[in-house]
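Comments concern the structure below.
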Amino acid sequence: MAGPTGHGTTLGTALGDLLRSQVTPRHRLSSYTAQHWHAQLSQLTATHRGYQALEDAGLHVTTKTLINWLSDPEYHIRRSYRDLIHTAYENTAIVPAEPIPDHVKDGQFEISGIVRTGNDERERGTRRAAPLRIDGSRGNWDEIEELWRAGTLTDEEFEDHFIDDIIVADIGEGTDGWEFPGAAYSVELR
C-alpha cells in the first residue's frame, strides 16, 4: 500500500510537499492585517487569546485606561505601549508550526528521480532501478526541525539538510557525495 507522497521539480520541493501534507507549517492568520495600534488593540481585546497575548507581552494597564484607549483612535499613548500592543498582535497573528511527527522522522523514504553519486547517475524508481530507500530513523532531524519551527525551512535547505543529516547518516557519503540533478522527484513515506 502506497504511503503519503510529495512531488516537486527538486528533491527539496518534493520533501517540502510531503512534509506539508503531514503537518501544518508556521503561518500568519489572514485576519490579522491591522497596521495602526488602535485597530490592533481593538482586535486583540475582542478575544481571550488577545487579552492573554497583551498580558504575555507585558502590557499591564487598568481597565479604565484600556477603555480610554479603545474609545478614541487619536488618543496619544506612549511609544513603549504601542510597541507592546504591536508585539502582542504579531504573537497572536502567527500560528506556530506543528512539530514534525515521529512517523515522518522514523519513516522509510523512497525517492524517485535522477540520483547521482560520483560518476554513477541513474533514474531511480523505474523498472530498471528501484527507488533510493532511506531510513529516516537513522538520521539527525534537529536542524530540520529547528528551521521548520522557525518557519524558515526553504526547499533548498531541506534538500541540503536531508542529504547531509539523513541520507549520509543512513547509507553514507556515496562515491563522491549525493546529488539530485533531475527535474522531477517524488518522495514516498512508508
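The basis for the numbers below is simple: all heavy atoms, side chains too, and nothing from hydrogens, waters or symmetry mates.
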Please round to the nearest 0.5 Å and tell me the distance separating atom [atom1] of [X] and atom [atom2] of [Y].
{"X": "Asp176", "Y": "Arg116", "atom1": "CG", "atom2": "CZ", "answer": "10.5 Å"}
{"X": "Ile163", "Y": "Glu173", "atom1": "CD1", "atom2": "CD", "answer": "10.5 Å"}
{"X": "His60", "Y": "Thr65", "atom1": "NE2", "atom2": "OG1", "answer": "13.5 Å"}
{"X": "Ile134", "Y": "Arg190", "atom1": "CD1", "atom2": "CZ", "answer": "14.5 Å"}
{"X": "Ile167", "Y": "Thr117", "atom1": "CD1", "atom2": "OG1", "answer": "10.0 Å"}
{"X": "Glu145", "Y": "Asn140", "atom1": "CD", "atom2": "CG", "answer": "9.0 Å"}

Any donor-acceptor pair under 3.5 Å from [X] side chain to [Y] backbone:
{"X": "Gln43", "Y": "Ser31", "answer": "yes"}
{"X": "Gln35", "Y": "Thr33", "answer": "yes"}
{"X": "Thr9", "Y": "Ala183", "answer": "no"}
{"X": "Asp17", "Y": "His7", "answer": "yes"}
{"X": "His103", "Y": "Pro101", "answer": "no"}
{"X": "Thr5", "Y": "Gly3", "answer": "yes"}
{"X": "Asp170", "Y": "Asp135", "answer": "yes"}
{"X": "Arg26", "Y": "Ile94", "answer": "no"}

Walk me through whether Tyr51 and Leu44 qualify under side chain to side chain contact (heavy atoms under 4.5 Å, CB included). CA-CA 6 Å; Tyr51 274 107; Leu44 286 168; over 6 Å; no
Which heavy-atom pair separates [X] from [Y] by the least distance, and what is that distance?
{"X": "Gly16", "Y": "Asp155", "value": "CA-OD1, 4.2 Å"}
{"X": "Thr92", "Y": "Gly50", "value": "OG1-CA, 4.5 Å"}
{"X": "Ser21", "Y": "Pro4", "value": "OG-CB, 4.5 Å"}
{"X": "Pro131", "Y": "Arg124", "value": "O-NH2, 3.5 Å"}
{"X": "Val187", "Y": "Ala14", "value": "CG2-CB, 3.8 Å"}
{"X": "Phe158", "Y": "Gly12", "value": "CD1-O, 4.4 Å"}

* Asked: Does Ile67 belong to the same Ile/Leu/Val/Met/Phe/Trp/Tyr cluster as Leu54, with side-chain heavy atoms less than 4.5 Å apart forming each link?
  ->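 Hydrophobic grouping puts Ile67 apart from Leu54.
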Please say yes or no: joined through hydrophobic side-chain contacts below 4.5 Å, possibly via intermediate residues, are Leu153 and Val95 part of one cluster?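 Unlinked, Leu153 and Val95 end up in two clusters.
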Can you confirm whether [X] sits close enough to [Y] that some side-chain heavy atom of one is under 4.5 Å from a side-chain heavy atom of the other?
{"X": "Phe109", "Y": "Leu189", "value": "yes"}
{"X": "Ile144", "Y": "Ile166", "value": "yes"}
{"X": "Trp141", "Y": "Asp165", "value": "no"}
{"X": "Ile111", "Y": "Trp178", "value": "no"}
{"X": "Leu15", "Y": "Leu19", "value": "no"}
{"X": "Glu143", "Y": "Asp164", "value": "no"}
{"X": "Thr10", "Y": "Phe180", "value": "no"}

Worksheet item: Knowing that exactly one of Asp56, Leu59, Ile77 qualifies, which makes a side chain to side chain contact (heavy atoms under 4.5 Å, CB included) with Leu84?
Response: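 Considering Asp56, Leu59, Ile77, a side chain to side chain contact (heavy atoms under 4.5 Å, CB included) with Leu84 is found only for Leu59.
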Q) Does CG belonging to Asp120 count more than 12 external heavy atoms closer than 6.0 Å? A)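 More than 12 heavy atoms, drawn from other residues, nucleotides or ligands, come within 6.0 Å of this atom.
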- Query: Is the number of heavy atoms from other residues, nucleotides or ligands under 6.0 Å of Glu90 CD greater than 12?
  - Reply: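 Result for CD/Glu90: enclosed.
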Using ring pair (Phe, Tyr, Trp, His ring centres under 6.0 Å) as the criterion, point out the one residue from Trp69, Trp37, Tyr75 that pairs with Tyr81.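 It is Trp69, the one option of Trp69, Trp37, Tyr75 that forms the ring pair (Phe, Tyr, Trp, His ring centres under 6.0 Å) with Tyr81.
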According to the interplanar angle, ranging from 0 to 90°, do the rings of His36 and His38 count as parallel (below 30°), tilted (30 to 60°) or perpendicular (above 60°)?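 Tilted, since the angle between the ring planes falls between 30° and 60°.
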Mutual orientation of the aromatic rings belonging to Tyr32 and Tyr89 [parallel < 30°, tilted 30-60°, perpendicular > 60°]: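 Tilted: the ring planes of Tyr32 and Tyr89 meet at 30° to 60°.
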* Residue that, paired with Arg133, satisfies side chain to side chain donor-acceptor pair (under 3.5 Å) out of Gln108, Glu188, Glu110 ->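 Only one of Gln108, Glu188, Glu110 forms a side chain to side chain donor-acceptor pair (under 3.5 Å) with Arg133, namely Glu110.
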